Amino acid sequence: MAGTALSTEPPILYSKSEFIETDTGNKVSRRATIAGPQNIILGGKTIISSGAIIRGDLRRTGPGHAVVISLGRYCLVGEGCIMRPPYKTYRGNFNYYPMKIGDHVHIGSNTVVEAATIGSHVEIGKNCVIGKFTFIKDCAKIADNTVIPPNTVIPALSHFAGSPGRFVEDLPESTQDNVEAHTKGYYARFQPG
């Protein structure tokens, strides 16, 4: 996916009335459910698609605001995705833990994410389940329909697939540039029609 090839691809048109655009270029569908928005950070130029559910209301108990889910720049949350922070009971106390997602992360449609951390330049396919407290390192790829068990660590530059998700192959060093070109190209082509 060279940067020049993306410019020849047709625009991805959306209804201007369906999306809210923020000052930092985030485009959030009015058909997405953003619960607890005060606990969610969007880094800029991130697209939240129709039907996506982001559960910022699931947070540690206690007063004040807490960042529950943070997404970096140029992220894409596909249609019907569910993102909720991981949770566990420790010494009898039930608690949620924050989810941090880097820049240039593409999450395919109908994927459920309960990861602790997703690095930058990561591609997650559609219909995946990313288990609680999963750590996905930079430049990793998760194939469509993959189920990643809880507490899995996905190494950088690795491709995982299957149910349960297993290592398939190492990815090339060019993965970072390719994913960045893809996410920036997708954002540029995502235009009101």
Side-chain angles (χ1 to χ4, degrees), residues 1 3 6-7 9 11-59 65-86 96-128 130 134-142 144 154 175-193:
M1 287 187 228
L6 289 172
S7 59
E9 292 185 41
I12 300 160
L13 300 178
Y14 67 89
S15 167
K16 191 166 184 150
S17 64
E18 185 195 328
F19 280 81
I20 300 164
E21 185 166 357
T22 68
D23 293 344
T24 54
N26 297 309
K27 296 180 181 183
V28 180
S29 171
R30 293 179 194 275
R31 295 190 186 126
T33 301
I34 311 294
Q38 70 277 13
N39 302 324
I40 299 169
I41 294 174
L42 303 179
K45 299 192 174 176
T46 284
I47 299 169
I48 309 295
S49 302
S50 173
I53 299 171
I54 302 180
R55 295 296 305 270
D57 59 325
L58 303 177
R59 67 182 195 94
H65 295 306
V67 175
V68 173
I69 298 175
S70 69
L71 287 106
R73 301 180 74 239
Y74 288 104
C75 290
L76 172 66
V77 178
E79 291 190 10
C81 278
I82 299 172
M83 300 180 71
R84 55 184 176 238
Y96 290 100
Y97 292 81
M99 178 190 299
K100 182 168 178 21
I101 298 173
D103 299 332
H104 304 284
V105 175
H106 186 140
I107 302 171
S109 60
N110 301 309
T111 285
V112 177
V113 179
E114 291 186 286
T117 303
I118 299 175
S120 294
H121 305 93
V122 171
E123 291 180 289
I124 299 174
K126 59 182 184 246
N127 304 312
C128 294
I130 309 300
T134 298
F135 279 81
I136 301 177
K137 304 285 179 112
D138 292 348
C139 303
K141 180 175 183 168
I142 312 296
D144 291 350
I154 309 281
T175 297
Q176 178 174 333
D177 294 337
N178 293 345
V179 173
E180 189 164 323
H182 172 73
T183 57
K184 284 184 173 177
Y186 189 98
Y187 183 86
R189 289 163 47 221
F190 195 75
Q191 300 167 9

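As the structure is a prediction and not an experimental result, all values here were calculated from the model.
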### Message
Testing the basics here: between Pro98 and Val67, what is the closest heavy-atom pair and its distance to 0.1 Å?
### Response
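Closest heavy-atom pair between Pro98 and Val67: CB-O, 3.7 Å.
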### Query
Between Pro85 and Val68, which heavy-atom pair has the shortest distance, and what is it?
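Of all heavy-atom pairs spanning Pro85 and Val68, the closest is CG-CG1, 3.5 Å.
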### Message
My understanding is that only residues two or more places apart in sequence, or in another chain, count here; which of them pass side-chain contact (heavy atoms from CB on, under 4.5 Å) with Ser120?
### Response
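In terms of side-chain contact (heavy atoms from CB on, under 4.5 Å), with neighbours along the sequence ignored, Ser120 is linked to Asp103, Asp138.
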### Query
Residues in side-chain contact (heavy atoms from CB on, under 4.5 Å) with Ile20, at least two apart?
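Partners of Ile20 under the side-chain contact (heavy atoms from CB on, under 4.5 Å) test: Arg30.
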### Query
When the ring planes of Phe190 and Tyr186 are compared, do they come out parallel, tilted or perpendicular, using 30° and 60° as the limits?
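Plane angle under 30°, so parallel.
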### Task
Could you tell me how the ring of His104 sits relative to the ring of His121: parallel (under 30°), tilted (30 to 60°) or perpendicular (over 60°)?
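Ring orientation of His104 relative to His121: parallel.
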### Query
Pairs in or reaching into residues 32-50: which pass salt bridge (charged side-chain N to carboxylate O under 4.0 Å, His left out), with residues at least two apart or in two chains?
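The answer is none; no pair qualifies.
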### Qualifying salt bridge (charged side-chain N to carboxylate O under 4.0 Å, His left out) pairs with a residue from residues 111-121, counting only residues at least two apart or across chains
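Qualifying pairs: Arg84-Glu114.
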For [Y], does its backbone N or O pair with a side-chain atom of [X] as donor and acceptor, under 3.5 Å?
X	Y	result
Thr24	Gly44	no
Thr33	Ile53	no
Thr175	Ala140	no

### Task
Applying salt bridge (Lys or Arg N to Asp or Glu O under 4.0 Å), name anything that partners Lys126, two or more places apart in sequence or on another chain.
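For Lys126 the salt bridge (Lys or Arg N to Asp or Glu O under 4.0 Å) partners, ignoring immediate neighbours, are Asp144.
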### For Arg73, side chain to side chain donor-acceptor pair (under 3.5 Å) partners two or more places apart
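Side chain to side chain donor-acceptor pair (under 3.5 Å) check on Arg73 returns nothing, list empty.
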